[in-house]
Every structure is written in structure tokens, then in C-alpha cells.
Amino acid sequence: MSDPLLTDATGLSAGPVSQLMEMGGPVMMVLLAIAVAGLVTFVYLMLFGTFFAPRFTAKLKKAITVWQQKPGSEVPGQLQRNAGRYRRLNPLHGLVVDTMNARLKGTDPQHIRETVARDAHHALEPFEAPLKIIEVIAALAPLLGLLGTVMGMMEAFSAMAATEGRANASQLSGGIYEALTTTAAGLVIAIPFAALAAWIEFRLRRIQKTINSALVSVLSVPLGAPESYEVTENAEPGTDTTHASRRFANYSGTGQQGRLANATG
């Protein structure tokens, strides 16, 4: 025998979701819609991150170690030759190769810094919009739940007023119970999405630090032996040699690291 409360107009048995929708009204429908949107956004973010998130792979670590010991054109060349389709989707792979090639070509240090900072920021930019959506859902759900409760309480007291004081305590508590369901639903949605937003932000900060660490490792390696020698042979003693030394010294140091951290953060 079916419960009358669980039977809709079509005669079919209704589930818990239908009961909540009936008690919460339009606010409950909005809460359900944003919960579905947040879930879809999270799944999209996980799938996108699986393929396109910057990853400091074992091959990149090995290549940077070789670069620190013996910087040369063979290191970025070998990285490009051994890169498969999946590795080419890794933005950090391209950042490391491009930075090594730019240094080998003797590109201006300031230009390298600006290019690296811009590309590192672009690598993390696709993750910001989904994170913002999840943060908004976590903040908005309790407010919507509170709105539904206020509307439900107003409806309950309006019904009491219509009975001219003949409503009993059972009827009043029943109306309050239904009104509080939207608050409970808003909190049920907000709490897990707030936790997910915090976890995603933590992961993005870890990735940002990984990018900065890898690129600073590439930039801090002293280069310039051939160019320094050319400058030394054709220059006045104590002038161009000092300028060339400063030029290569600009690749390393705390100032470079801070610039990258600010640009990517």
C-alpha cells in the first residue's frame, strides 16, 4: 500500500527528491540546479586537469638535472624528440623547452622573464573560472536556503493568521519543519563545495610553486661561455666583460623568483 504523501498526480510513487521539491518550492529547485551545475563543473575540472594541468614529470626532472650539469642545445632537443602526444599536452613541458631555447639563443633576460611569466599564467588560467564557479556555489547555497526558510515561515504564519488563532501547535510546527528544509539543503550543498574549492585552490598553489621552481632552476643555470669569450676578445678590458657578466647574472637570484611568483599567482 502506497503512502498518499509519496504519490503524485500520476499515481506513481514519488521519491525523497520529489518530497523535498514539494516542501521547498521554487527555492529548492534552484538549489538542486546549482548543485548539478557545481557537480558538472567539478567533473569537467578533473577531466581537464588530467590532460592539461602542468606536471613536473620524471623526464622533466631528469632533463633539468642534465641542464644544470651541462647546459646545451641537446637538452631541449632531446625533450622535444622524446615528447609523446600526452606529454605535449603538459604546459610545463613547453615552458621548459621554450625557456631553454630562449636562453641558448641569447634572448634578452627581461624578455625571457616576461614571456615565461605570461605563459605560466596562461597555463593556470583555464582552472580559475571553474574554481570561481564552485566558490560562488558554496557561498550562494546557504543564502538561498535561508531565503527559502524565510519564505516558508512567512507562508506558515500567513496560514495561521487566516485561521484566526484556531491553528494548533502541530500545524505550526509542520509549517516550520517544511520551511527549514531549504536551509538544511543549502548547507548540505555548501559544505562539500566549500571543501572542494579549498582543495582545488590548494592544488593550484602547489602547481604554481612547481612551475616556479622548475623555471627558476632553468633560468638560474649560468650560461654564456661562448658569448662571454667573444665579448672578451673584442672588448675593452673592464667594460664589456663586466656588462656581459651582469647580463648572465640577471637570470638568477631572488629577484627572478619573486617576479615569477607574482606573475603566476
Side-chain angles (χ1 to χ4, degrees), residues 2-55 89 91 120-160 171-211 264-265:
S2 62
D3 191 331
L5 293 175
L6 301 180
T7 307
D8 57 15
T10 61
L12 300 176
S13 178
V17 175
S18 298
Q19 294 183 57
L20 288 174
M21 299 289 286
E22 185 177 349
M23 287 191 294
V27 175
M28 190 67 77
M29 295 179 65
V30 176
L31 285 172
L32 184 61
I34 65 172
V36 173
L39 190 60
V40 171
T41 302
F42 177 71
V43 172
Y44 162 78
L45 188 61
M46 291 297 101
L47 292 176
F48 187 84
T50 301
F51 294 100
F52 298 103
R55 302 177 300 277
L89 298 178
H121 179 71
H122 287 172
L124 294 178
E125 200 171 14
F127 300 93
E128 293 178 0
L131 173 60
K132 183 58 68 178
I133 291 174
I134 292 176
E135 286 177 340
V136 169
I137 290 174
L140 195 61
L143 297 178
L144 284 172
L146 184 60
L147 175 64
T149 298
V150 171
M151 293 173 63
M153 294 289 286
M154 291 173 63
E155 187 175 345
F157 283 115
S158 175
M160 275 190 63
Q171 291 174 317
L172 178 60
S173 60
I176 295 174
Y177 166 75
E178 292 186 0
L180 289 175
T181 54
T182 55
T183 298
L187 292 175
V188 167
I189 294 171
I191 291 172
F193 278 111
L196 287 176
W199 178 73
I200 293 169
E201 187 173 1
F202 170 75
R203 290 287 301 163
L204 289 180
R205 289 189 181 279
R206 288 281 303 272
I207 293 173
Q208 173 194 327
K209 290 180 180 178
T210 301
I211 294 174
T264 57

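With values rounded to the nearest 0.5 angstrom, T183 atom OG1 is found 9.5 Å from L147 atom CG. Within the model, atoms CD of E128 and CD of E201 stand 10.5 Å from one another, a figure rounded to the nearest 0.5 Å. To the nearest 0.5 Å, atom CG of residue L39 and atom CG of residue L196 are 9.0 Å apart. For the atom pair CG of L45 and OG1 of T50, the computed distance is 9.0 Å after rounding to the nearest 0.5 Å.
The shortest heavy-atom contact between A179 and T149 is O-OG1, 2.9 Å. Between I211 and A120, the closest heavy-atom pair is CG2-CB, 3.9 Å. Minimum heavy-atom separation, A194 to A138: N-CB, 3.6 Å. Across I200 and F42, no two heavy atoms sit closer than the pair CD1-CD1, 4.1 Å. In plain terms, the two heavy atoms of L31 and G186 that are nearest each other are CD1-N, 4.0 Å. Annotation for A35 and I189: closest pair CB-CD1, 3.8 Å, computed over non-hydrogen atoms.
With hydrogens and angles disregarded, no donor-acceptor distance shorter than 3.5 Å links the side chain of T182 to the backbone of M28. Side chain of T41 to main chain of A37: a donor-acceptor pair is present (N/O by atom type, distance under 3.5 Å, no hydrogens or angles).
For F127 and F52, the gap between ring centers reaches or exceeds 6.0 Å.
Each of E155, M153, M154 was scored for a side chain to side chain contact (heavy atoms under 4.5 Å, CB included) with F157, with one residue passing: M153.
Within 6.0 Å of the CZ atom in R203, the count of heavy atoms belonging to other residues, nucleotides or ligands does not exceed 12. Other residues, nucleotides and ligands place no more than 12 heavy atoms under 6.0 Å from the CE atom of M29.
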